[in-house]
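Have a look at the structure below, then the notes.
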Amino acid sequence: MKPSQFFKRSELTATLWLFRREFVLVGAFSLLANVLMLSPTLYMLQVYDRVLASQSELTLLAMSLLTLCLFAVMALAEWLRSRVLVGAGLRLDERLGTLIFNASFEAQLSPADPAGLAGQNPARAFSDLLQIRQFLTGSGTLAFFDAPWTPIYMALLFFLHPWLGLLGLLFALIQAGQAWFGHQRSLAPSEAAAEAWAEAGSFLQDKLRNAEVLEAMGMIGKLQLRWGQRHHTALARAAVAQHLTHSITAVSKFIRYSQQSLVLGAGALLVIDGQLSPGGMIAANLLMSRALAPVEQIVGGWRQFIGMRAAFARLEQLLLRHLPRDPAFKRVPPTGSLSLQQVGAHASKRPTPILQNINLQVRAGTVTVILGPSGSGKSTLARVLVGIWPEMTGAVLLDGLPIEGWNRLELGPHIGYLPQDVALLEGSIAENIARFGTVDPVQVIAAAQGAGLHEMILRFPKGYDTPIGEAGRLLSGGQRQRIGLARAIYGDPKLIVLDEPNANLDELGEAALFKTVEGLKAQGKTVFLITHRPAAVAVADRILILNNGQIQTEGPRDAVLAALRAVRQAGLKPVPTPDLVELTA
């Protein structure tokens, strides 16, 4: 089996395998650096056992110059291996960044993982990538390459004297045991503290988004008490974790200082007994430090390694569950015909479905107005129509093909979607209308004119280049909605879903909206218009009435209105919503 086949578990492991040449180079530089690490030991032996005995200044000078040269080569080798690792980390990020970005968005729109697999929190995907990159380019990886030299240094200690070798082996086992014990004791408190801090921060961040409402209605004081409870809980858990960490650090320092002194003392005892030279005593101390250095690095970086391993597992599951689309696979652009077959929409922690048994056939080039009371599932249906509701059963077919089978980057330009809460991004008006792609002035102006927005934009000091601020905070609600409408009809979308597009529009804006819908229909676009205002029925080809998550009535406009009037005249109430009462009056 080829190595590439063995490692082909995910894009993550396959990408890491591409950097095997870099890791071989790091291993070679580590070999050179660790061999040259013996230079101080040899220099010390020669100074104490030869130079001091011979009183030769020329020998001392020659040995000092040679040792300095060896130190320079050793420093160069360490610098080169660090440079190789940093470069590998940057290229790793470049290769995986786009894959993780796309997989994160797909995961956000996917149903929650029923098996509890890693990767179900896409918001932390890039933090996981950063954690992996920092570990690979940090002391943890260098300790991995230095660790094989610990037995060699131990062997040299045994060569100097067996008791020194046994003492070094004992301290290595003590440090490893202390690291394992410290990790077991501190892991749970540290995770509990991190979780508490995250909960307190998330609570505060969520309330800051609504700071104006909270200030206006005097709610800040009450919410501050709730935040304070979470904050104090986080402080208490952090204090417990810090006390444990400090205790473990104190024990570690005691072990390290004891090791240095005891090795020196044992060497001195062997010198007194005539079993070791003074140079050997100093060299043993240096060898012990070098032998235990990788162990200390591994002990210090053990928590980072555990975190990196968990981050690796999460990223690997994310990329395995959301494989990259084949860029060579292309579909014929859709015409806009839509079919829903036994569609149901669910939400976690909600016992009953939001939508159930939705069956619908819509021809391309028609306008469907969706009506119904609040909470009937209209906005959920809008998300189902464009294929972004995560927990869905049944099938949504665009031109006879499942909409989830499309490459979203390929399908996106053919979809126009205006959500009820208009989500604009920080940038200029033109960039938002052009969906942050290449700004085509002709198409941007055409979309703005179609949304009745062009004249208003020209009144801004910078026109289409006017920045709108984060989430469009520098604009009014009606302006944001019109820009969102212009973005939805920008380019050549075939399927357009507008959720309450006239909620913040005045009469003139609403008239411009209906004119835009008629123009889209004339161009053969498929339009779904969700609204509470009965005037929208004038532009409809078909009417769909939702109630309690089910289609109560659906069909051609005139037929549906006639049926509703007949029901009303018979003294029955069709649907408890004022817009339908007005329609059937």
Side-chain angles (χ1 to χ4, degrees), residues 21-89 136-161 164-165 167-168 171-172 175 253 256-257 259-261 263-264 266-268 271 276-301:
R21 176 177 172 273
E22 282 79 358
F23 287 113
V24 170
L25 282 175
V26 171
F29 288 132
S30 298
L31 171 63
L32 179 60
N34 279 278
V35 168
L36 295 177
M37 285 287 183
L38 295 173
S39 301
T41 303
L42 296 175
Y43 180 75
M44 200 71 65
L45 279 171
Q46 296 301 316
V47 167
Y48 276 91
D49 295 345
R50 177 176 296 180
V51 173
L52 293 180
S54 65
Q55 301 291 312
S56 173
E57 296 180 356
L58 183 60
T59 302
L60 178 61
L61 177 61
M63 289 178 52
S64 299
L65 291 175
L66 178 61
T67 303
L68 287 175
C69 291
L70 294 176
F71 283 166
V73 176
M74 179 180 66
L76 177 63
E78 292 189 338
W79 176 77
L80 286 174
R81 70 175 183 173
S82 299
R83 186 176 179 85
V84 169
L85 282 177
V86 171
L136 291 178
T137 58
S139 59
T141 301
L142 297 179
F144 170 79
F145 284 102
D146 291 340
W149 286 85
T150 294
I152 297 176
Y153 292 130
M154 288 290 182
L156 292 175
L157 282 172
F158 275 102
F159 178 77
L160 288 174
H161 197 279
L164 294 176
L167 191 60
F171 274 107
Q175 285 188 340
K253 286 184 177 180
R256 185 166 62 252
Y257 294 151
Q259 166 253 315
Q260 294 173 352
S261 299
V263 169
L264 191 61
V271 171
L276 190 68
S277 66
M281 176 187 68
I282 303 298
N285 201 16
L286 292 177
L287 283 174
M288 180 73 76
S289 299
R290 273 312 309 161
L292 297 181
V295 179
E296 292 179 0
Q297 288 180 338
I298 292 174
V299 169

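Just so it is clear, the values below take in all heavy atoms, side chains as well, and ignore hydrogens, waters and symmetry mates.
Nearest heavy-atom pair, A266 versus L164, reported as atom, atom and distance to 0.1 Å: CB-CD2, 4.2 Å. When all heavy atoms are compared, the tightest approach of R81 to S30 is NH1-OG, 2.8 Å.
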- Go through the steps to decide whether L36 and L32 satisfy the test side chain to side chain contact (heavy atoms under 4.5 Å, CB included), and finish with yes or no. CA-CA 6 Å; L36 295 177; L32 179 60; 4.0 Å; yes

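Considering only residues two or more places apart in sequence or on other chains, S261 meets the side-chain contact (heavy atoms from CB on, under 4.5 Å) condition with none of them.
Contacts classified as salt bridge (Lys or Arg N to Asp or Glu O under 4.0 Å) and involving residues 21-38 (residues at least two apart or in different chains) are given here: E22-R91.
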For residues 64-80, please give each side-chain donor-acceptor pair under 3.5 Å, one per line with the distance, not counting sequence neighbours.
from, atom 1, to, atom 2, distance (Å)
S64, OG, Y43, OH, 2.8
S64, OG, L60, O, 2.7
T67, OG1, M63, O, 2.7

